[in-house]
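It should be emphasised that the depicted structure is a prediction, and the values quoted were computed from it without experimental measurement. Each chain gets a letter, A, B and so on, in the order the sequences are listed, and its residues count up from 1.
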There are 2 protein chains.
Amino acid sequence: MNIDNNQLRQYIENTADLMEEHGLPRMAGRVIGALMICTPPYLSHDELAEQLQASKGSISMTTQLLTRVGILERISLPGHRKHHYQLRSRLWQDLLSTSSEHIQQHRRLADDGLHLLKDEPAEAKLRLIELQVFSDFILELLPEMADRWERRRPELMEERLAQLA
Amino acid sequence: MNIDNNQLRQYIENTADLMEEHGLPRMAGRVIGALMICTPPYLSHDELAEQLQASKGSISMTTQLLTRVGILERISLPGHRKHHYQLRSRLWQDLLSTSSEHIQQHRRLADDGLHLLKDEPAEAKLRLIELQVFSDFILELLPEMADRWERRRPELMEERLAQLA
DNA sequence: CAATGTGTTCAATCAAGACTGAAACTTGTG
DNA sequence: CACAAGTTTCAGTCTTGATTGAACACATTG
């Protein structure tokens, strides 16, 4: 499939917009967008460069970044020397555990803060303590959510696919 | 309390780092950091400017932004004409509902994508369908989480405060 | 082990947007 | 109502960081 179509281009830009809000470079968002809608579900290095009208260098930087953070994976296709990339399949489950890491950063910040305020009255610490307690609450919940998703995904997907048929 | 202390400065910069990752301007992160550790738990416009070594203009922009997204609130103190700002108290609960909005943006993007791929085989749609299904799963769960937090917060806070005493 | 097809690196360019500072505006007070 | 204090706005500056493009490195294949 070529990204020949204006609407598909637009879709990719919209994805880039959204990903930008999450702190990724636009180009990374474009790559994700393209890989969400292409058939087959992977693109080679230079297909990406061509279809996103970006330089090879920029694609290289971007695939590197997205691979590092676990969003992309590189695949080898028999009979091709080119690298191909596709979205990791357990992306959504993984999102739950990367959230964990984010929350832990906040929790650690709260710990630091409390250490600095150790001689202050309890009242002064309330904001930081609430952050700690909330973080712990979420950290406890996330594995449960991941677990539930794991269990329910097959049935939910099946339901959803049945609707299409 | 003055932010006279190097460690407190550092704490504020660390907060700014973390907030920057979440897509906020550094200055917004600094304001949040300062308001997490100051006593009393609010600061005036020019206390912020002074303690963060920022221009009044920049503080004005920042408080405006943070108020708009529901992180800060402006308070009036009797006997003062200055504006004071503090962190909204229901910040963490609210975080759960703003997550909802983010997820909905993704869900909508998936809807758009599926519309574009409507004539493609089901296989081509799997990535988008999984995004839809996952989004719906999370959207269903978030209110439950908010509810659980609401219920457990008092007891968790009390436990935590008892540890301090 | 060249030759060719791929991919990466990096210095330079460019663009976005954060921040400043001064002027304009608003609000409260005598 | 005039003055002063406080706040906002906005044009310009500056910083950061994304992107390019060309040189370099690597790998595959005949």
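At a cut-off of 3.5 Å, with distance as the only test, a side-chain donor of B:N14 or B:Q10 sits close to an acceptor on the other residue.
Spacing between atom CG of A:L77 and atom P of D:dT28 amounts to 14 Å, rounded to whole angstrom units. A:K56 places its NZ atom 18 Å from the P atom of C:dC10, with the value rounded to the nearest Å. For the pair B:L52 CG and C:dT20 P, the computed distance is 10 Å after rounding to whole Å. The distance from atom CD1 of A:I59 to atom P of C:dC10 is 19 Å, rounded to the nearest whole Å. For B:R26 and D:dT16, the CZ to P distance is 10 Å, given to the nearest whole Å.
Around the CD atom of B:Q7, the shell of radius 6.0 Å holds no more than 12 heavy atoms that belong to other residues, nucleotides or ligands.
Remark: B:H45 is not in phosphate contact with D:dG6, judged by side-chain N or O atoms under 4.0 Å from OP1 or OP2. The phosphate of C:dG7 (OP1 or OP2) has no side-chain N or O of A:Q64 nearer than 4.0 angstrom. Put simply, B:R74 has a side-chain N or O that comes within less than 4.0 Å of OP1 or OP2 on D:dT8. Side-chain N/O atoms of B:S58 include one lying less than 4.0 angstrom from OP1 or OP2 on C:dT20.
Between C:dA18, C:dG7, D:dT29, one nucleotide has an atom nearer to the side chain of A:R81 than all others, and that is D:dT29. Closest contact between the side chain of A:R30 and the listed nucleotides C:dG21, D:dT19, C:dG7 involves D:dT19.
Ion pairing of B:R151 with B:D147 is present here, as a side-chain N (NZ or NE/NH1/NH2) and a carboxylate O approach within less than 4.0 Å.
Comparing B:M61 and A:T62, the nucleotide of DNA chain D nearest to each residue sits closer to the 5' end for B:M61.
Aromatic ring centres of B:H45 and B:H84 lie farther apart than the 6.0 Å criterion allows.
Residue contacts shown for A:M27 are limited to sugar-phosphate atoms, with no base heavy atom under 4.0 Å away.
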